[in-house]
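Following: one structure in structure tokens, then a few remarks.
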Amino acid sequence: MRSPMAYALSEANAVDYLLGHGLISAAQASSASAHELGGGVSNIVVRVDFGGQPDGVVIKQSLPRLRVQQEWLADQARIHREAAALRYFEGVLPRPALPVVLHDDPANFLFVMTAAPEGARTWKDDLLSGRVDTRVAAEVGRLLGAMHRQSAIAAAAIPPDLQEFADQRCFVQLRVDPYHRATAQVHTDLAEPIEGEAQAMLGRRLCLVHGDYSPKNVIVSHADGEPTAFLLDFEVVHLGNPVFDLAFMLNHLTLKAIHRPDLAGRFNSAGAAFWSAYCSNAPAFVADAMQLQGETIRQMGVLLLARIDGKSPAEYITTNSQKSVARRLARMILGNEICSLPDLHDALLS
């Protein structure tokens with residue numbers, strides 16, 4: 001883990017970086033404007049647009065210390081595996097479902113990529129504003145199924161094109177330690193089942209797992225009235241258990257149902273559409289659909305608690321009542337009172 005960064009990306013120096021590395025011309029630089037995007041807690045992300053041109057670029061740099069209250073360190077080299085994952089999936093998913101990598105800078109822990117479509121919104125913003133479109137949920141499930149299907153490992157040996165994703169340290173640093181293990185320190189009576197769920201995610205290398213498959217990393221645009229999804233933030237990508245991506249997305253939909261109980265039925269419908277589309281596109285992982293669903297729900301039990309009491313709490317779950325609902329559902333899951341998606345959806349409506 002190397003820090004501090006030799007070069008710290010910012011709005012002020014982003015255009016000069018592109019010009020200095022021959023990625024834009026002097027004419028483009030003269031009309032360029034840069035603004036920082038929401039890079040979450042773990043990155044600096046700057047978009048650069050060029051006057052009169054429809055397509056901009058994005059520069060993303062990983063941080064060695066994440067911007068949260070508790071100390072949370074992570075290897076900056078994760079940024080290069082993110083770029084590698086985008087290249088891997090470029091031929092798997094239809095365009096424009098992913099950014100295209102334009103430049104990789106290992107020394108400065110950054111890369112440059114094409115920007116999301118102009119005028120598109122994050123799915124998270126749509127959901128929090130009450131726009132719950134099951135068509136988007138289905139598309140997000142379909143894309144995840146395609147990624148898992150394409151990268152599935154058929155035998156024990158890891159194929160050469162997936163070897164660089166076999167190291168799970170980034171997943172431990174950014175998910176297992178701050179989510180599972182930090183939460184187990186708060187809920188000591190649940191430490192054993194929580195660690196069991198962590199090991200279930202670490203012990204099986206079945207396909208490429210996105211690791212941060214959530215509504216904030218889905219950019220939605222509409223063409224001819226139909227929504228299209230543009231996927232971001234592969235920095236936690238690793239060879240692992242596909243259950244994690246399923247649980248991570250469904251957990252976000254569940255948290256939003258807790259946040260907006262008046263829309264719980266619509267969030268439940270979105271979760272069901274996501275699940276159905278995934279199952280239709282990743283047949284290798286749904287030979288026993290009920291087992292897969294049960295494993296996914298168990299993982300959600302941990303993630304629900306983690307987004308309340310781990311190192312990265314959900315910022316929109318603010319009231320004691322909302323937190324109590326999340327904790328109650330999590331304990332019901334880990335206590336085997338809720339074992340399926342329909343069970344969870346019924347509990348959210350009760």
Show every salt bridge (Lys or Arg N to Asp or Glu O under 4.0 Å) that has at least one partner inside residues 93-114, sequence neighbours left out.
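Sorted result for residues 93-114: Arg87-Asp104.
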
Show me the pairs that pass salt bridge (Lys or Arg N to Asp or Glu O under 4.0 Å) and involve residues 140-162, at least two apart or across chains.
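Found Glu139-Arg142.
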
Taking ring pair (Phe, Tyr, Trp, His ring centres under 6.0 Å) as the criterion, tell me which of Tyr88, Phe89, Phe165, Phe234 meets it with His210.
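Of all the options given, the one that passes is Phe234.
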
One thing to verify: whether [Y] and [X] come together as a salt bridge, which I'm taking to mean a side-chain N less than 4.0 angstrom from a carboxylate O.
| X | Y | answer |
| --- | --- | --- |
| Asp125 | Arg121 | no |
| Glu82 | Lys60 | yes |
| Arg135 | Glu226 | yes |
| Lys323 | Asp309 | no |
| Asp133 | Arg131 | no |

Salt bridge (Lys or Arg N to Asp or Glu O under 4.0 Å) involving [X] - partner list, sequence neighbours excluded:
| X | answer |
| --- | --- |
| Arg205 | none |
| Glu192 | none |
| Asp167 | Arg169 |

Could you walk me through whether Leu128 and Lys124 satisfy the side chain to side chain contact (heavy atoms under 4.5 Å, CB included) test, starting with their C-alpha distance in whole Å, then the side-chain angles of each, then the deciding distance to 0.1 Å, before giving a yes or no?
CA-CA 6 Å; Leu128 289 177; Lys124 177 181 178 179; 3.8 Å; yes

Measuring from [X]:[atom1] to [Y]:[atom2], what's the distance to the nearest 0.5 Å?
| X | Y | atom1 | atom2 | answer |
| --- | --- | --- | --- | --- |
| Leu202 | Glu195 | CG | CD | 8.0 Å |
| Phe111 | Ile79 | CZ | CD1 | 5.0 Å |
| His345 | Ile338 | NE2 | CD1 | 10.5 Å |
| Leu255 | Ile308 | CG | CD1 | 6.0 Å |
| Leu144 | His148 | CG | NE2 | 4.0 Å |
| Met300 | Gln293 | CE | CD | 10.0 Å |

Any side-chain heavy-atom pair of Leu304 and Ile258 under 4.5 Å
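Side chain of Leu304 against side chain of Ile258, heavy atoms only: contact under 4.5 Å found.
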
Would you say that Val57 contacts Leu102 through its side chain, given a criterion of any heavy-atom pair below 4.5 Å between the two side chains?
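A side-chain contact exists here, since the closest heavy-atom pair is under 4.5 Å.
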
Give the C-alpha distance, both sets of side-chain angles, the deciding distance and a yes or no for side chain to side chain contact (heavy atoms under 4.5 Å, CB included) between Leu208 and Met147.
CA-CA 7 Å; Leu208 277 185; Met147 289 192 292; over 6 Å; no

Verify whether the ring centers belonging to Tyr7 and Tyr17 lie closer than 6.0 Å.
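Ring centres of Tyr17 and Tyr7 closer than 6.0 Å.
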
Answer yes if the side chains of Glu235 and Ser42 hold a donor-acceptor pair under 3.5 Å, and no otherwise.
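Yes, Ser42 and Glu235 have a side-chain donor paired with an acceptor closer than 3.5 Å.
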
Hydrophobic clustering (ILVMFWY, side-chain heavy atoms < 4.5 Å, transitive) - are [Y] and [X] grouped together?
| X | Y | value |
| --- | --- | --- |
| Leu232 | Val46 | no |
| Leu303 | Ile194 | no |
| Phe248 | Leu348 | yes |
| Val237 | Leu246 | yes |

Please step through side chain to side chain donor-acceptor pair (under 3.5 Å) for the pair Thr134 and Ser269, ending with a clear verdict.
CA-CA 7 Å; Thr134 57; Ser269 295; over 6 Å; no

Sequence neighbours excluded, which residues qualify as ring pair (Phe, Tyr, Trp, His ring centres under 6.0 Å) partners of His238?
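His238 satisfies ring pair (Phe, Tyr, Trp, His ring centres under 6.0 Å) with Phe171 only.
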
When you measure from the side chain of Glu197 to the backbone N and O of Val302, does any donor-acceptor pair fall under 3.5 Å?
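Not at all, since once roles are kept as given, no pair shorter than 3.5 Å links the two residues.
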
Please evaluate residues Asp212 and Arg175 with respect to the criterion side chain to side chain contact (heavy atoms under 4.5 Å, CB included), reporting the C-alpha separation (whole Å), side-chain torsions for both, the decisive distance (0.1 Å), and the verdict.
CA-CA 9 Å; Asp212 197 6; Arg175 291 294 174 264; 3.1 Å; yes

